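Just below is one structure, and these are the notes that go with it.
These figures come from a predicted structure and were not determined experimentally.
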Amino acid sequence: MLTLNSFHVSVNQVLIVLLLLLACLLLHSSLKPSTQLKKAHRQSHGLTADLPAEEAETVDVVPVIICASEERTGATMATINSIISNTDSSVFFYIVTLRDAVKIARRYIEKTKLKGIQYKILEFNPMVLRGKVKPDSSRPDLLHPLNFVRFYLPLLGISHRRVIYVDDDVIVQGDIKDLYNIKLKAGHAAAFASDCDLPSTHEMVRSIGMQLVPQTTYMGFLDYRKQEVKDLAINPNHCSFNPGVFVAEIKEWKKQKITKQLERWMEKNFRQNIYSSAMAGGVATPPMLIVFHDKYTALDPLWHVRHLGWSPDARYAESFLQGAHLLHWNGPFKPWNDPAVHSDLWERWFIPDPSGRFTLTRPGSDS
């Protein structure tokens with residue numbers, strides 16, 4: 001027979017069990033990642049995914065980040081084609097673009113030989129740059145919003161421990177996995193190519209003429225008349241580096257709050273004009289030079305042979321370029337335009353645009 005006391009005991013036991021179950025449910029909810037919160041966080045920083053958010057992190061995958069502007073989508077696709085054609089590794093591409101080019105980039109991939117690549121399209125919101133970048137008519141190409149995507153790597157919603165970033169005027173001739181597997185020094189968040197690392201580059205630079213020489217020291221990027229620059233105590237003759245190609249350790253980048261540091265220098269320049277787009281490299285390179293000064297691992301010089309777009313006349317030795325792992329047409333003379341040098345090395349990877357928007361400019365052409 002059930003007594004009143006035993007009834008109370010039974011009720012209490014049931015209540016305790018229910019309370020325990022409720023507590024477990026609340027704890028599970030608090031620990032479970034919120035997709036919506038993650039999405040909102042990325043959107044607040046100007047980044048939204050066009051494709052499903054499932055990540056491609058595997059042991060063998062090589063993640064590559066590249067931008068695709070509307071007017072240069074064909075260049076991006078040539079870079080991608082060169083990468084996948086020279087490796088047996090699985091490569092996952094994060095293609096970052098603006099809203100007006102999302103459909104263009106997707107169609108370029110789906111309607112060409114690239115339809116089998118692994119990729120995700122991310123939309124970059126230029127409003128994230130408000131109060132950080134001034135309009136400047138002297139070099140508008142250097143102020144394109146996508147030039148600043150490299151500042152925001154950890155906010156792209158990826159789960160990889162490290163990533164490779166490449167500009168869209170790059171061709172990769174080596175195995176991208178070799179670049180991905182380089183060893184970074186302890187405490188370094190990235191690896192760049194030093195501007196003083198390649199004797200062949202120096203010879204080519206000297207052949208251009210002093211008025212056109214690409215800068216190789218901090219003096220060419222920062223205004224040393226400004227007190228803020230003097231306070232950095234960086235030797236103006238210290239070798240600069242090129243941020244058009246680099247390997248980034250995401251965990252270390254987050255730990256050192258690299259994005260916050262870069263944004264701080266952008267905001268300082270916005271208010272005090274510490275550097276300008278009229279100087280070499282525009283306004284995207286100087287913050288990187290400041291934040292990573294003496295805090296980066298040097299890449300093998302053959303993994304970033306650059307300045308191919310600096311002059312329509314100065315050329316490297318063909319034998320040297322054949323042995324280079326990566327070619328970069330940084331500068332105003334791009335290989336899809338005319339005039340340009342070594343454009344044949346770029347054009348072998350070019351895939352015609354199925355929409356006809358991106359076309360090559362060649363001697364005698366009407367485009």
Side-chain angles (χ1 to χ4, degrees), residues 69 71-72 74-79 81-82 136-144 147 166-174 192-221 237 239-245 276-285 299-350 358-367:
S69 64
E71 64 276 14
R72 286 167 53 156
T76 300
M77 300 306 157
T79 303
N81 187 29
S82 73
D136 191 330
S137 59
S138 62
R139 291 294 302 276
D141 56 315
L142 298 176
L143 294 174
H144 196 288
N147 281 345
V166 293
D167 278 347
D168 63 0
D169 50 359
V170 159
I171 289 298
V172 177
Q173 300 185 139
F192 302 93
S194 167
D195 285 325
C196 300
D197 62 5
L198 205 57
S200 295
T201 299
H202 301 161
E203 293 173 13
M204 188 276 291
V205 164
R206 281 195 294 271
S207 73
I208 296 174
M210 287 305 295
Q211 74 278 11
L212 294 174
V213 169
Q215 299 298 325
T216 58
T217 66
Y218 274 67
M219 187 185 300
F221 296 90
N237 294 317
C239 287
S240 52
F241 59 83
N242 188 294
V245 175
S276 72
S277 62
M279 302 183 78
V283 296
T285 297
L299 291 177
D300 178 336
L302 292 178
W303 267 109
H304 195 174
V305 174
R306 49 206 178 276
H307 306 318
L308 277 78
W310 207 263
S311 165
D313 303 310
R315 303 175 66 91
Y316 284 101
E318 292 293 337
S319 58
F320 169 71
L321 293 182
Q322 292 297 330
H325 305 318
L326 183 148
L327 306 178
H328 188 183
W329 279 263
N330 60 311
F333 300 96
K334 302 303 182 187
W336 52 87
N337 290 329
D338 183 66
V341 296
H342 304 297
S343 56
D344 57 314
L345 295 177
W346 179 89
E347 194 169 339
R348 64 183 298 191
W349 306 111
F350 171 64
F358 186 92
T359 58
L360 304 184
T361 302
R362 293 294 179 255
S365 68
D366 296 329
S367 55

### Message
Could you go through W329 and I171, starting from their C-alpha distance and side-chain angles, then the distance that decides it, and tell me whether this counts as side-chain contact (heavy atoms from CB on, under 4.5 Å)?
### Response
CA-CA 9 Å; W329 279 263; I171 289 298; 3.7 Å; yes

For [X] versus [Y], what's the shortest heavy-atom pair and its separation?
X: V305; Y: L308; result: O-CD1, 3.5 Å
X: R362; Y: P335; result: NH2-O, 2.9 Å
X: P312; Y: V341; result: O-CG1, 3.4 Å
X: A75; Y: W336; result: CB-CZ3, 3.4 Å

Euclidean distance, [Y] [atom2] relative to [X] [atom1], rounded to 0.5 Å:
X: D313; Y: F333; atom1: CG; atom2: CZ; result: 8.0 Å
X: F350; Y: T359; atom1: CZ; atom2: OG1; result: 7.5 Å
X: C196; Y: N237; atom1: SG; atom2: CG; result: 9.5 Å
X: W310; Y: N330; atom1: CH2; atom2: CG; result: 6.5 Å
X: T79; Y: R72; atom1: OG1; atom2: CZ; result: 9.5 Å

### Message
Do L360 and W346 have side chains that approach each other closer than 4.5 Å (heavy atoms only, starting at C-beta)?
### Response
yes

### Beyond-backbone contact of R306 with V170, side-chain heavy atoms, under 4.5 angstrom
no

### Message
Using only atom types and a distance under 3.5 Å, with no angle test, would you say the side chain of N81 pairs donor to acceptor with the backbone of W349?
### Response
yes

### Query
Is it true that a side-chain atom of S240 and a backbone atom of T216 form a donor plus acceptor pair closer than 3.5 Å?
yes

### Task
Tell me, with the steps shown, if E71 and H144 meet side-chain contact (heavy atoms from CB on, under 4.5 Å).
CA-CA 11 Å; E71 64 276 14; H144 196 288; 3.5 Å; yes

Taking only distance into account, with no hydrogens and no angle test, what donor-acceptor pairs under 3.5 Å do side-chain atoms of residues 318-328 form with protein atoms, sequence neighbours excluded?
| unit_1 | atom_1 | unit_2 | atom_2 | d |
| --- | --- | --- | --- | --- |
| E318 | OE2 | R315 | NH2 | 3.2 |
| E318 | OE2 | H342 | ND1 | 3.2 |
| H328 | ND1 | H304 | NE2 | 2.8 |
| H328 | NE2 | D169 | OD1 | 2.9 |

